[in-house]
Structure formats: C-alpha cells, structure tokens
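In listed order, ligands and their atoms are each counted from 1.
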Amino acid sequence: MATLHTLAFDNSYSRLPSGLYSRVEPAGFAHPHLVSFNPEAARLLDLEPECAHNPDFVAFFGGQKLLPGSAPLAMKYTGHQFGVYNPDLGDGRGLLLGEVVNAQGETWDLHLKGAGKTPYSRFGDGRAVLRSCIREYLGSEAMHHLGIPSTRALCIVGSDEPVLREKTERGAMLLRLADTHIRFGHFEWLFHSNQPELLKTLADFVITKHFPELADEHDRYTAFFREIVRRTARLMAFWQLVGFAHGVMNTDNFSITGATFDYGPFGFLDVYEPGFICNHSDYNGRYAWNQQPSVGLWNLNALAYALSGLIEKDALVAALQGYEGEFLGAYGTGLRQKLGLRTERPEDHQLAADFLELLARNNADYTRSFRALAHVGSAEGRSPLRDDFLDREAFDAWLRRYRERLHAEGSDDRERAAFMNSVNPKYILRNYMAQIAIDKAEDGDYGEIEKLRMLLTRPFDEQPENEAYAALPPDWGRHLEISCSS
Ligand code: AMP
Ligand code: MG
C-alpha cells in the first residue's frame, strides 16, 4: 500500500517530445477542504484509504502542493466541437499530474480538473465549479458500476474561491483517473497542424501502452484503428442500452481507448424520449440521445481523416464500415438481455423495437419499465407494469407476444428475473438526484454526495432502504436544464 508520499509515478507522457504539452503547475486554492473521497478509486492506485485524513490530501488535490514524483502538464489537442474544427483547444483547466502504476501493473492517469490557467485556457479562468465536479464524480462512478467503460474519480476538493459562471459559484477540483487522457483530438491536432512525425510518435505510444496486443501485427496502425472503431461502437451501444446521454460528444471529449470521457451536461433518460437533449446549449439537438450512435461514427470519421498519413484510405474505409455491424451486434445482444431472452430469433429485434415504441408513446420511464419487466411472469395474468401505460390494450398485445416468445425458449421465470435484474439497473443517477446532492453541497452539506456514491456502486441490487431513489423523479426534477458552462 502506498501513501500520498510514496505513490508509484511513472510519467511516460512527460517523456514524449515536449511539443505535445506544456509544463504547468496547479494554481492551488487558498483554503481547500475535502468535499468527497472515493476509497474505491484510491484502491486502484494502491493508495491507503486513511490518506484522506492526512492534511496533505487537500493540499495535493486542491493544487497547493505537488505530489512527490508527479510531473504536471497540460496536454495540447484540438477537435471538432458541434461539427466545427477548433484549432485552439487543449487542457485549459485541467492538468495531467502524472501516471501511477499499481501492483497489477495498471497505469492510471491522475488528472486534476479545475487546477488553473494553462496556455490553452483561451478566455477561460482555468477553474471548475463544485456543481460540475459533483456531476462528473457521481456520473463517472455510476457508469463504471453499470459496467460501462468510464473514467473514474478519486475525490473532490472544494474551496471558498468565487468563480463566475451564469452566477457566482465556488471553485472546486476533481481528481479524475483514467487509463489515458489521449483523445481523438490529439491526433486531429497533429494532422491538421501538419506534424506527421509527432503523430506517428503518439500513435506508437498509444499502441505500445494501451494496445500492446496489437504491437506486433503487421499493420499495427490499421489494427489499432479497427479496434478503436470496435470499442467506440460498443460504447455507443452501452450508452443507448442504459439510457445515457453524453451531451457534448465533441471529438476532444472522446477517449482513444473507448471509455466514457468528460462528463458535462450528461443525463440519463427518465421517460423514454428518443430525441432527449440533455445539453441546454445544444440548440439543434446534434447530440440528442438518439443521435449518439451516428455521432460516434462521425467522430471516428474525423479520427480516420487524422490518421490518413499512417493508414491507407481503403483500410480506413473498411474499418469504418465495420462500425454499424459492431454497434448493432452489441445493441441487439444488449436488448435481448434486457428482455431476458437467452436465445436469438429473427423476430427479437421487432419485439424490442415495439416495446421501446410503447414506452415512447406512453411516456413510460425507461429504467423502471425494463426493471419491472423482470417480474412479468410468463403465465397469463395482469402485470403491474400495465398500469404505467395509458394504452393498456397495446401493452396487453405486446405482452402476449413477449410471453409467447418466452414460452418458445422455455424460459424459467425465476431464472429470467434474476438475470434481467443483473442487466436492467434499478438505480441510475437521475438528474434530480444529482441536483439535490449539489444543492445540499452548495449549503455545505456533503452527505448526499456520499449517499449517492454508495447507492450507485450497486445499481443492480435491491436496496430496500433506498427504494425512494428508484422512484419516478418528482415533477420539479423532470426537465432540469444543464448547460455547458461549468
Ligand atoms: P469541455 O466543454 O469541458 O470539454 O471544454 C472544452 C474546452 O474548453 C477544453 O479545451 C477545456 O480545457 C476548455 N475549458 C472549459 N472550461 C474552461 C475554463 N473554465 N477555463 C479554461 N478552459 C476551459
Ligand atoms: Mg472536454
């Protein structure tokens, strides 16, 4: 076990050519304090959980002191924001403190978000607000526990520093953990600024470090691109299956290893509304929930373009053509699992699509409806789920088909229910839940953050003491608008 003073840093990114980043030290808060600590994430670093009580903890993660062995830097990258190329991006308010290797040999990036200005801050103040740190902290941990690749979060450190957004808020810092902070936008930058040597260096670095199994392939760059296409397609399927909307799917927010990355105005579906736009600033719905799979492909196209100096055009096109099948395969499998089907039949796709359409037409809650489906027995009889549908006849008609389908594969109700409960979460991070934790935190009460963090570590388990968190959102919590400004 390591202490804060003996973390095993190996700062491989900082050994890359200096043109890829700028060395920047955090601008610490004058009076940092601990808002929340995640012992589970500490374990990833072999960091003993008692470290949070050490006064140095907030000094390190509030940017006042440098962790021994760290080598903070701001990464340069660019990217397409809402479809438009922006050459002026980079870590504008977050620093890669360094990379820690744990006893299993895994490397974790430590990235301090909100650590002050960098050469890439443009007009920004380099800060993050408490509200947005809480959302990322809870959102990323929730996704991880839903089984979806995601960055993680170690802690939030708060301050009394005023930060001006639409109103004056308090600055905070979030310590994000990720296998990498290299984004699609890193490659776009090197391509569009015509630095092919550096681009190749970075591609080799990514392959060696994150795709070592591909390093010896005869066309390693193509194999790498094929793999990121595969991972991104699967990630989009996972998002759709769990009803997650990212909100800002710019290419600078897409990780090169296919993890959910950069939590801003994200949201989980409450009612099943395919055109759901979680980002108040997304006027045209470019990143609406049902657009995500095609945006994933759009982003891969931007990446393909950036890699065109390393990979033949035909190979890039062929890899991109694999996206749809990969997505549909993962999504189809996931939907069958959500319906509790063990076998695969041609009519399953229609059965699932019709259930989703029923949800949409009846304004039914996405998460609760799938969860309740586990308790629909295969025998004739009324289902409590029926009451959630205005058009009960349509529900009954669908239920008849579903029951026939279950009979056809000899489905066992108990087994099926147990399986469905392991894939259809009971607890998700609904926007209103995060908002309550934020409102309390802004009044100095951090208890709800910890409560939700714990709740969301077991999203598939029945937690009778937490039943209220599985209820429909209250009226005030249904259409909360979350903006980009954070
Ligand atoms: P995001 O919307 O958080 O993905 O940020 C997009 C870009 O703007 C990134 O290059 C960020 O580093 C930068 N950025 C966002 N907020 C700030 C801020 N308050 N100060 C400086 N840069 C920022
Ligand atoms: Mg970003």
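Atom 12 (O) of ligand 1 is flagged as protein-proximal [any protein heavy atom, distance under 4.0 Å]. Atom 16 (N) of ligand 1 is flagged as protein-proximal [any protein heavy atom, distance under 4.0 Å].
Taking atom 2 (O) of ligand 1 as the reference point, the nearest protein heavy-atom neighbour is Asn253 ND2, 4.8 Å. Among protein heavy atoms, the minimum distance from atom 20 (N) of ligand 1 is reached at Gly126 N, 2.8 Å. Summary of contacts: the protein heavy atom closest to atom 9 (C) of ligand 1 is Gly90 O, 3.6 Å. Atom 1 (P) of ligand 1 has its closest protein heavy atom at Asp262 OD2, 4.3 Å. Ranking protein heavy atoms by distance to atom 21 (C) of ligand 1, first place goes to Gly92 O, 3.1 Å. Remark: minimum distance from atom 23 (C) of ligand 1 to any protein heavy atom is reached at Arg93 CG, 3.9 Å. The single protein non-hydrogen atom nearest to atom 19 (N) of ligand 1 is Asp125 OD1, 2.9 Å, given as residue, atom name and distance.
Residue contact check: Gly124 has heavy atoms under 4.0 Å from atoms 18 (C), 20 (N), 21 (C) of ligand 1. The contact set between ligand 1 and Arg165, taken as ligand atoms under 4.0 Å from a residue heavy atom, comprises 19 (N). Close approach to Tyr77 involves these atoms of ligand 1, each under 4.0 Å from a residue heavy atom: 9 (C), 10 (O). Heavy-atom proximity to Arg127, at under 4.0 Å, picks out these atoms of ligand 1: 19 (N).
Considering backbone and side-chain atoms alike, Val248 places every N or O at 3.5 Å or more from each N or O of ligand 1. At a 3.5 angstrom cut-off on N or O pairs, Leu89 does not count as close to ligand 1.
Distance check for Asp262 against the Mg ion (ligand 2): an N/O/S atom falls below 2.8 Å. With 2.8 Å as the limit, Asn253 counts as an N, O or S neighbour of the Mg ion (ligand 2).
For Glu312, the CD atom is loosely surrounded, since the number of other residues' heavy atoms within 6.0 Å does not exceed 12. Atom CD of Glu450 has more than 12 heavy atoms from other residues, nucleotides or ligands within 6.0 Å. At most 12 non-hydrogen atoms from other residues, nucleotides or ligands lie less than 6.0 angstrom from NE2 of His280. Surrounding NE2 of His5 are more than 12 heavy atoms belonging to other residues, nucleotides or ligands, all under 6.0 Å away.
Aromatic ring pairs are classed by plane angle as parallel below 30°, tilted from 30° to 60° and perpendicular above 60°; the pair His33 and Tyr446 is parallel. Ring geometry for Tyr272 against Trp289 counts as perpendicular: the plane angle is over 60°, on a 0 to 90° scale with 30° as the lower cut. Note: Phe205 and Tyr13 have perpendicular aromatic rings, judged against thresholds of 30 and 60 degrees for the angle between ring planes. Using cut-offs of 30° and 60° on the angle between ring planes, the pair Tyr331 and Phe327 is parallel.
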- Task: Tell me, with the steps shown, if Asn11 and Ser14 meet side-chain hydrogen bond (donor to acceptor under 3.5 Å, both in side chains).
- Result: CA-CA 6 Å; Asn11 304 314; Ser14 75; 4.9 Å; no

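At least one side-chain heavy atom of Trp189 sits less than 4.5 Å from a side-chain heavy atom of Lys76. With contacts defined as side-chain heavy-atom distances shorter than 4.5 Å, the pair His80/Glu188 qualifies.
At least one heavy atom of Arg122 lies less than 4.0 angstrom from ligand 1.
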